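Worksheet: one structure, shown below.
Because the structure is predicted, anything quoted here is derived from the model rather than measured.
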Amino acid sequence: MRRIIVVSLLTLCFVFAINLFSQDSTYAGAAKCKMCHKSEKQGQQYPLWESRKHSKSISALSTEEGKALAADAPDNPECLKCHAPLYEKASELKGESVSCEVCHGPGSAYKKMSIMKDHAESVKNGLTEYGSTDAIKTQCMTCHENAHDKPFDFATAWEKVKHPKPESE
């Protein structure tokens, strides 16, 4: 009987470990980020995002200019890939436009406070880290390079959209 219990517990632990390590990260949504990233101590990252064009990019698809570029712009995958990049991966987040996880990666595994307090743990759990401004530029250019034939000055744009990093504890 004792052997059956030990084998059962080991099997249960093994199954749990497989499930834990095989889970793909999912998108949590900007509301989850807001809980912590709205304070002054955290650099007011959420309010800054909310006040900028990235948070409203999907609305551009419903304007006359947007519809002139593509009659079906609000539902056109070619438009959505930049104006609502998470629409295919997390359709419920389509309305968030270009939100936190577009740049920082799916947050389900790193959103816990115990993980977020440790930058290395956050990265280990999926937080996208950019090693340089060039790496950030590469990410930005996936949408902004030749977008609607409008010129894009990364350095100027970066100054408008960057946000402070949270204080380390």
Side-chain angles (χ1 to χ4, degrees), residues 19 21-38 42-112 115-116 119-166:
N19 282 336
F21 293 109
S22 67
Q23 289 180 356
D24 289 330
S25 292
T26 57
Y27 292 90
K32 297 286 186 197
C33 304
K34 178 182 182 178
M35 294 183 334
C36 297
H37 293 280
K38 64 183 178 185
Q42 291 297 320
Q44 297 182 320
Q45 295 160 333
Y46 185 88
L48 287 172
W49 167 76
E50 198 173 37
S51 71
R52 295 173 178 164
K53 290 181 180 181
H54 279 139
S55 72
K56 302 161 189 65
S57 63
I58 195 162
S59 63
L61 302 180
S62 297
T63 65
E64 291 303 316
E65 183 182 1
K67 291 177 183 175
L69 290 169
D72 64 343
D75 298 308
N76 185 317
E78 282 300 306
C79 301
L80 291 171
K81 74 180 181 184
C82 289
H83 288 267
L86 299 180
Y87 83 100
E88 280 189 315
K89 299 170 186 169
S91 60
E92 70 279 8
L93 301 178
K94 177 181 173 183
E96 289 192 357
S97 298
V98 180
S99 60
C100 316
E101 292 168 296
V102 170
C103 300
H104 297 292
S108 65
Y110 67 79
K111 69 179 181 176
K112 287 178 148 182
I115 294 172
M116 286 298 287
H119 182 75
E121 274 300 302
S122 298
V123 172
K124 181 176 150 188
N125 282 279
L127 176 71
T128 300
E129 181 174 55
Y130 298 93
S132 67
T133 305
D134 284 340
I136 295 167
K137 180 178 181 179
T138 298
Q139 168 69 15
C140 296
M141 297 310 280
T142 61
C143 286
H144 288 284
E145 190 161 24
N146 300 319
H148 308 295
D149 297 321
K150 292 181 181 177
F152 181 73
D153 177 3
F154 170 76
T156 301
W158 178 237
E159 288 303 314
K160 290 180 184 178
V161 301
K162 71 181 180 179
H163 54 71
K165 292 181 181 180

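- With sequence neighbours excluded, the residues forming a salt bridge (charged side-chain N to carboxylate O under 4.0 Å, His left out) with Lys124 are Glu121, listed by chain and number.
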From CA spacing to verdict: side chain to side chain contact (heavy atoms under 4.5 Å, CB included), Met116, Gln42: CA-CA 11 Å; Met116 286 298 287; Gln42 291 297 320; over 6 Å; no
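- Residues Leu48 and Arg52 approach most closely at O-CG, 3.1 Å, considering heavy atoms.
- Every residue was checked against the side-chain contact (heavy atoms from CB on, under 4.5 Å) condition with Lys53, not counting sequence neighbours, and none meets it.
- Side-chain atoms of Ser25 do not come within 3.5 Å of backbone N or O of Gly107 as any donor-acceptor pair.
- Listed by chain and number, the residues in a salt bridge (charged side-chain N to carboxylate O under 4.0 Å, His left out) with Glu65 are Lys150 (sequence neighbours excluded).
- Between Leu93 and Glu101 the shortest side-chain heavy-atom distance falls below 4.5 Å.
- Checked against ring-ring contact (aromatic ring centres under 6.0 Å, His included), Phe152 has the following partners two or more places apart in sequence or in another chain: His144.
- The distance from atom NE2 of His37 to atom OH of Tyr46, rounded to the nearest 0.5 Å, is 12.5 Å.
- The side-chain hydrogen bond (donor to acceptor under 3.5 Å, both in side chains) pairs that include a residue from residues 88-100 are Asp75-Lys94, Glu96-Ser99, where partners are two or more places apart or lie in different chains.
- Here Ile136 pairs with Tyr130, Cys140, Phe154, Trp158 under the side-chain contact (heavy atoms from CB on, under 4.5 Å) rule; sequence neighbours left out.
- Residues forming a salt bridge (charged side-chain N to carboxylate O under 4.0 Å, His left out) with Glu64 (at least two apart in sequence, or on another chain): none.
- Checked against the 6.0 Å centroid criterion, the rings of His163 and His104 qualify as a close aromatic pair.
- With a 4.5 Å cut-off on side-chain heavy atoms, Thr128 and Cys103 do not count as touching.
- Smallest separation of non-hydrogen atoms from Val98 and Ser57: CG2-OG, 3.5 Å.
- Listed by chain and residue number, nothing satisfies the ring-ring contact (aromatic ring centres under 6.0 Å, His included) test with Tyr110 (two or more places apart in sequence, or in another chain).
- From Cys100, atom SG reaches atom CD of Gln45 across 8.0 Å, with rounding to the nearest 0.5 Å.
- Legend: residues meeting side-chain contact (heavy atoms from CB on, under 4.5 Å) with Asp134, ordered by chain and number and at least two apart, are Ser132.
- For the pair Glu78 and Lys81, the tightest heavy-atom approach, listed with the atom from each and the gap, is OE1-NZ, 3.0 Å.
- In this view, Lys162 and Glu159 satisfy the salt bridge (charged side-chain N to carboxylate O under 4.0 Å, His left out) rule, not counting sequence neighbours.
- Ile58 is listed as a side-chain neighbour of Leu80, based on a closest heavy-atom distance under 4.5 Å.
- Sparse packing is recorded around NZ of Lys112, with 12 or fewer heavy atoms of other residues, nucleotides or ligands lying under 6.0 Å away.
- Among residues two or more places apart in sequence or in another chain, the side-chain contact (heavy atoms from CB on, under 4.5 Å) test is passed with Cys79 by Leu61, Ala70, Ala73, Asn76.
- Residues satisfying the ring-ring contact (aromatic ring centres under 6.0 Å, His included) criterion with His119, sequence neighbours excluded, are absent altogether.
- Taken from NZ in Lys111 to SG in Cys33, the straight-line distance is 9.5 Å, to the nearest 0.5 Å.
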